[in-house]
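Working notes, structure below.
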2 protein chains.
Amino acid sequence: MDNNKIISSAVIRRLPRYYRYLGELIEGGIQRISSNELSSKMKVTASQIRQDLNNFGGFGQQGYGYNVKSLYDEIGKILGIDRTHNMVIIGAGNLGQAIINYKDFEKRGFIIKGVFDNDMRLEGKIISGVSVMMIDKMTDFIKENNIEIVALTIPKKSARELGKIVADAGVKAIWNFAHTDLNLPDDVIVENVHLSESLMRLSYTIANMSKE
Amino acid sequence: MDNNKIISSAVIRRLPRYYRYLGELIEGGIQRISSNELSSKMKVTASQIRQDLNNFGGFGQQGYGYNVKSLYDEIGKILGIDRTHNMVIIGAGNLGQAIINYKDFEKRGFIIKGVFDNDMRLEGKIISGVSVMMIDKMTDFIKENNIEIVALTIPKKSARELGKIVADAGVKAIWNFAHTDLNLPDDVIVENVHLSESLMRLSYTIANMSKE
DNA sequence: TAGATTGTTAATCGATTAACAATC
DNA sequence: TAGATTGTTAATCGATTAACAATC
């Protein structure tokens, strides 16, 4: 595998979906699959599957197809979930709590080490085993606990401010749920989840399907 | 504007972001903007902005630029948020509650008419003015209240089942937060929010930025 | 009018699909 | 070996960027 080749984001966007389907095949006890079979399950072209995978190496075998388990593991490695990532949540509201309670993230190696909030009434509260701390303790906590990822589940104004602070504290990536762009230096990774944009795309499709 | 032209999904994906930036310009009291100024704010090319907008009509004026307020309104119309949409949530957990509590959706015309759950202890509970009902009342409720959109904030197994049920009940679109594809007939719109895929993309970027 | 900026065509770039030789 | 299916090249399709004439 050529580690330096830059992979297009279109390919990266599809990898987690391959990973999910392969996981389900494993659960179903399937050991091998051809690009053609996977193609019909996932509703993408077999050609695309083979092209995508070959960006990372020849994981298949002619005449046989792909070994489900080993392809699953390879994609896991590519996605960087063959190791753990320490994470904190900023914002102990419903959305922050939803992320903490959703146990699958932890299963994939995303370890939630703490939740921060500025509501003093929440200080010391335990949410699903994770304790709520005040924002002023955050920078130290990030440095001492080797935190790589911060999830921002707070309103946009605070998100912009705290985004800067955690970037300065040295986190590698921000998972941003606030409805704003963060405008941080290029060495800080930002992955946005803009729910309102998703809902507007849905609304667009409603408006334009009905037309025909 | 040519109502029948099919607009590429790449363009649609960008529209809500234009809408957001224009909204902020309005708040800031800005009345006109050129594609060049907007380009540097949004970090996309001016050419792309002009191309995107011209899919829907000539909203600008040579030598002047775009009127912020009227462009905002036009994009709102295109996105179908110039009218209201009735919506229900299935799943009264943290994620469902987060959506109910987030008042911006309501402001944009997405009216949450009810929440459904199968936990009998929640029956009749009021979450932010919206009452929790049991799943067996759902189909009737959807039909009687002209529900267009259903948000699925439940585990994947139930999501697949209830997705079919609400599709049969006649909803136009499903906003799917479950980590699965729904496989419904083509006339039902599905907009997926796969948080775990988003987190894996973030993880990929961490793994591959550190390499250089 | 002169300057600014759009709308739109043409050029480039990138992503997807098709085809098939290589090979298990 | 024969059949199946990959890996990979070539062809096509679509999206983005550049350029500039039209026009406010």
Side-chain angles (χ1 to χ4, degrees), chain A residues 1-18 21-22 25 30-75 78 201 204, chain B residues 1-18 21-22 25 30-75 78 201 204:
Chain A
M1 154 165 42
D2 179 354
N3 273 322
N4 294 328
K5 190 174 147 199
I6 285 175
I7 309 294
S8 91
S9 68
V11 174
I12 305 310
R13 234 178 291 126
R14 288 189 289 267
L15 286 181
R17 188 157 177 266
Y18 292 134
Y21 272 84
L22 290 164
L25 289 171
I30 310 293
Q31 285 174 25
R32 62 164 286 274
I33 194 155
S34 68
S35 56
N36 238 303
E37 290 171 281
L38 192 55
S39 150
S40 63
K41 271 189 204 297
M42 296 187 61
K43 288 165 190 161
V44 297
T45 63
S47 206
Q48 182 165 75
I49 293 172
R50 295 203 298 276
Q51 283 279 24
D52 282 355
L53 297 179
N54 265 85
N55 280 298
F56 305 99
F59 299 139
Q61 193 170 84
Q62 282 100 330
Y64 172 84
Y66 298 87
N67 178 288
V68 174
K69 180 68 171 74
S70 79
L71 183 56
Y72 179 81
D73 289 342
E74 289 291 348
I75 295 179
I78 294 163
R201 284 191 291 270
Y204 173 87
Chain B
M1 154 164 45
D2 180 352
N3 273 321
N4 294 327
K5 189 174 148 199
I6 286 175
I7 309 295
S8 91
S9 68
V11 175
I12 305 311
R13 233 178 293 127
R14 288 190 289 267
L15 285 182
R17 188 156 178 266
Y18 292 134
Y21 272 84
L22 289 165
L25 289 171
I30 310 293
Q31 285 175 24
R32 63 164 283 274
I33 194 155
S34 69
S35 56
N36 239 302
E37 289 170 281
L38 192 54
S39 151
S40 63
K41 271 187 204 296
M42 296 187 61
K43 288 165 191 163
V44 297
T45 63
S47 206
Q48 182 165 75
I49 293 173
R50 295 203 298 276
Q51 282 279 22
D52 281 354
L53 296 179
N54 265 85
N55 281 298
F56 305 99
F59 299 139
Q61 193 170 82
Q62 282 99 328
Y64 172 85
Y66 298 88
N67 179 288
V68 175
K69 180 67 174 75
S70 80
L71 183 56
Y72 179 82
D73 289 342
E74 289 291 348
I75 295 180
I78 294 164
R201 283 191 292 270
Y204 173 87

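All values reported here derive from a predicted model rather than from experimental measurement.
Remark: A:Arg32 is not in phosphate contact with C:dC24, judged by side-chain N or O atoms under 4.0 Å from OP1 or OP2. At the phosphate of D:dT17, OP1 or OP2 sits under 4.0 Å from a side-chain N or O atom of B:Thr45. Listed pair A:Tyr66 / D:dG7 meets the phosphate criterion, a side-chain N or O lying under 4.0 Å from OP1 or OP2. In terms of phosphate contacts, A:Gln62 brings no side-chain nitrogen or oxygen within less than 4.0 Å of OP1 or OP2 of D:dA4.
Between the CZ atom of B:Arg50 and the C1' atom of C:dT5 there is a distance of 7 Å, given to the nearest Å. Atom CG in A:Asn55 sits roughly 15 Å away from atom C1' in D:dT6 (whole-Å rounding). Remark: C1' of D:dA18 and CD1 of B:Ile49 are 15 Å apart, rounded to the nearest angstrom. Computed from coordinates, the A:Leu53 CG to D:dG7 P distance equals 8 Å when rounded to whole Å. The distance from atom CD of B:Gln48 to atom P of D:dA15 is 11 Å, rounded to the nearest whole Å. Rounded to an integer number of Å, the gap from B:Asn54 CG to C:dT6 P is 10 Å.
A donor and an acceptor atom never sit less than 3.5 Å apart when one is taken from the side chain of A:Gln51 and the other from the base of D:dT6. Put simply, the side chain of B:Ser47 and the base of D:dA18 share a donor and an acceptor less than 3.5 Å apart.
Side-chain proximity of A:Arg14 to D:dA15, C:dT6, C:dT16: nearest is C:dT16. Side-chain proximity of B:Gln61 to the nucleotides D:dC24, C:dT17, C:dT16 is greatest for D:dC24. For B:Ser34, the listed nucleotide lying nearest its side chain is C:dT6; candidates were C:dT6, C:dT17, D:dT6.
No side-chain heavy atom of A:Val68 sits under 4.5 Å from any side-chain heavy atom of A:Gln31.
With no hydrogens or angles considered, no side-chain donor-acceptor pair links B:Thr45 and B:Gln48 at under 3.5 Å.
Of the options B:Ser39, B:Ser34, B:Ser35, a side chain to side chain donor-acceptor pair (under 3.5 Å) to B:Arg50 is made by B:Ser35 and by none of the others.
For D:dA22, the paired base is C:dT5 (Watson-Crick or G-U wobble, both distances below 3.5 Å). When Watson-Crick and G-U wobble pairs are counted only if both distances are under 3.5 Å, D:dG14 pairs with C:dC13.
Minimum interatomic distance between A:Tyr204 and B:Ile78 (heavy atoms only, all atoms of both residues): CD1-O, 3.2 Å.
The cationic atom of B:Arg32 (NZ for Lys, CZ for Arg) does not lie both less than 6.0 Å from the six-membered ring centre of B:Tyr66 and within 45° of the ring axis.
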